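Note that the structure is predicted; figures quoted are calculated from it, not measured. Excluded from the calculations below are hydrogen atoms, water molecules and symmetry mates; all remaining heavy atoms, backbone and side chain alike, are included.
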Amino acid sequence: MDDEDGYFGEPVAATYDESSGEMFEPAVVEETAGFLAGLAAGGRALELGIGTGRIALPLARRGVPVHGIDLSRAMVARLRAKPGGDAIGVTTGDFATTRVPGTYSVAYLVFNTIMNLTTQAAQVACFRNAADHLEPGGCFVIEVIVPELRRLPPGQNAVPFHVGPDRWGFDTYDVATQAMSSHHFDVADGHAEYRSLPFRYVWPAELDLMAQLAGLRLRERWAGWAGEPFTSESRQHVSVWEKPGE
């Protein structure tokens with residue numbers, strides 16, 4: 001782990017856009033940006049964990065003023081290098097606690113980023129921080145997986161998410177603590193590289209309670225950005241909590 005940038009330092013930032021390729025497909029990006037722009041409704045957006053600007057940049061191109069918070073200077077440097085990146089304000093810090101001036105119509109966390117906060121206390125703090133930044137009637141949006149514990153037979157704690165000729169990946173779960181780790185193996189020219197990232201998985205009902213503690217209420221929940229119904233078989237969800245109006 002990088003002392004300054006955490007787990008998303010230069011080695012991760014250098015290949016992040018490529019390693020998360022499916023999330024960079026134009027249709028996925030445009031659906032996400034369109035959903036968030038609709039919630040912003042002419043107001044400002046705050047991205048917690050803005051990273052390389054995958055969503056912030058297309059959202060800004062839709063006319064939504066975006067500000068971001070991110071701990072990783074290396075990730076933000078990639079954002080700055082992209083067209084339009086210099087126009088987006090970014091505050092360096094932990095998005096669970098870092099405050100920025102003003103209020104926002106929508107705050108959002110995408111691509112499982114809530115799980116980068118590895119304690120329940122930090123996740124609760126994130127909800128409170130988001131709520132404090134929202135104007136009355138504003139929304140907090142999270143995109144995150146549903147924990148895949150149904151795929152764990154008794155005695156097993158690992159679930160593969162990618163198996164290929166030059167890359168393997170699997171997640172390990174500790175069901176007693178809700179801790180999990182994502183393990184990545186990459187092979188090139190006969191040499192293997194390994195990295196591991198820690199997470200804390202979280203259930204939809206648990207997120208709803210965190211929202212309640214922060215003074216927010218559930219407005220809607222979908223299985224994806226296109227508004228697919230959320231069911232017991234859904235593997236992810238997009239949830240929207242609303243701050244009551246004055």
Side-chain angles (χ1 to χ4, degrees), residues 7-8 19-25 27-29 31-36 39 47-49 51 54-55 95-96 106-128 130-131 139-163 168-184 196-214 216-242:
Y7 286 93
F8 291 86
S19 64
S20 306
E22 68 277 7
M23 299 302 295
F24 286 82
E25 293 178 2
V28 174
V29 170
E31 274 185 352
T32 307
F35 186 101
L36 294 169
L39 288 177
E47 180 164 3
L48 308 181
R54 179 180 68 95
I55 300 303
F95 61 73
V106 62
Y108 62 94
L109 270 170
V110 296
F111 198 17
N112 305 319
T113 305
I114 186 66
M115 299 197 312
N116 292 136
L117 302 174
T118 56
T119 68
Q120 186 183 68
Q123 291 172 346
V124 170
C126 178
F127 268 82
R128 288 181 169 144
C139 293
F140 182 35
V141 184
I142 286 181
E143 174 195 27
V144 66
I145 62 168
V146 176
E148 296 192 297
L149 301 193
R150 292 170 65 184
R151 297 179 62 190
L152 286 176
Q156 182 175 312
N157 70 341
V159 174
F161 59 81
H162 183 88
V163 177
W168 301 272
F170 61 92
D171 294 324
T172 55
Y173 292 84
D174 183 336
V175 297
T177 64
Q178 291 183 218
M180 64 176 290
S181 294
S182 180
H183 305 269
H184 303 259
S196 176
L197 301 173
F199 300 103
R200 180 184 186 270
Y201 68 80
V202 60
W203 300 99
E206 188 181 6
L207 291 169
D208 289 342
L209 182 56
M210 293 179 185
Q212 183 179 338
L213 293 172
L216 306 176
R217 59 192 178 202
L218 182 66
R219 172 170 156 174
E220 54 191 284
R221 173 167 289 136
W222 307 102
W225 296 104
E228 305 93 326
F230 179 75
T231 72
S232 59
E233 300 302 317
S234 299
R235 299 182 65 178
Q236 69 166 11
H237 62 99
V238 174
S239 295
V240 181
W241 298 273
E242 188 175 44

### Message
Please evaluate residues L48 and F140 with respect to the criterion side-chain contact (heavy atoms from CB on, under 4.5 Å), reporting the C-alpha separation (whole Å), side-chain torsions for both, the decisive distance (0.1 Å), and the verdict.
### Response
CA-CA 10 Å; L48 308 181; F140 182 35; 4.0 Å; yes
May I have the step-by-step check of side-chain contact (heavy atoms from CB on, under 4.5 Å) for V163 and F170, ending in yes or no?
CA-CA 9 Å; V163 177; F170 61 92; over 6 Å; no
Check: Going through the distances and angles, do N157 and D174 end up as a side-chain contact (heavy atoms from CB on, under 4.5 Å)?
Finding: CA-CA 7 Å; N157 70 341; D174 183 336; over 6 Å; no
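Listed by chain and residue number, nothing satisfies the ring-ring contact (aromatic ring centres under 6.0 Å, His included) test with F95 (two or more places apart in sequence, or in another chain). Scanning for ring-ring contact (aromatic ring centres under 6.0 Å, His included) contacts around Y173 gives Y201, with sequence neighbours left out. The side chain to side chain donor-acceptor pair (under 3.5 Å) check on S182 picks up D171, H184, with sequence neighbours excluded. With sequence neighbours excluded, the residues satisfying side chain to side chain donor-acceptor pair (under 3.5 Å) with R151 are E148. Residues that satisfy the ring-ring contact (aromatic ring centres under 6.0 Å, His included) test with W222, not counting sequence neighbours, are absent from this structure.
Side-chain contact between T172 and S196 is absent, with no heavy atoms from C-beta onward closer than 4.5 Å. Two residues are said to be in side-chain contact when any heavy atoms from C-beta on lie closer than 4.5 Å; I145 and F161 fail this criterion. Residues N112 and F199 are not in side-chain contact: their nearest non-hydrogen atoms beyond the backbone lie 4.5 Å or more apart. Counting heavy atoms from C-beta outward, V238 and Y108 have side chains that stay 4.5 Å or more apart. At least one side-chain heavy atom of V141 sits less than 4.5 Å from a side-chain heavy atom of W225. In this structure, L149 and W203 have side chains that are in contact, with non-hydrogen atoms separated by less than 4.5 Å. Side-chain contact check for E233 versus R150: some heavy-atom pair is nearer than 4.5 Å. Side-chain atoms of L117 and R200, non-hydrogen and from C-beta on, never get closer than 4.5 Å to each other.
When all heavy atoms are compared, the tightest approach of A131 to L216 is CB-CD2, 3.9 Å. Taking all atoms of both residues into account, the shortest heavy-atom contact from V110 to E143 is CB-OE1, 3.5 Å. The two residues E31 and A226 make their nearest non-hydrogen contact at OE2-CB, 3.5 Å. Considering all non-hydrogen atoms of both residues, T231 and S234 come closest at N-OG, 2.9 Å.
The neighbour count for E206 CD, taken as heavy atoms of other residues, nucleotides or ligands under 6.0 Å away, is above 12.
Residues in residues 221-232 take part in these salt bridge (charged side-chain N to carboxylate O under 4.0 Å, His left out) pairs, two or more places apart or across chains: D208-R221.
Among I114, T113, N116, the single residue meeting the side-chain contact (heavy atoms from CB on, under 4.5 Å) criterion with C126 is I114.
A distance-only check finds no donor-acceptor pair linking the side chain of R219 to the backbone of C139 [under 3.5 Å].
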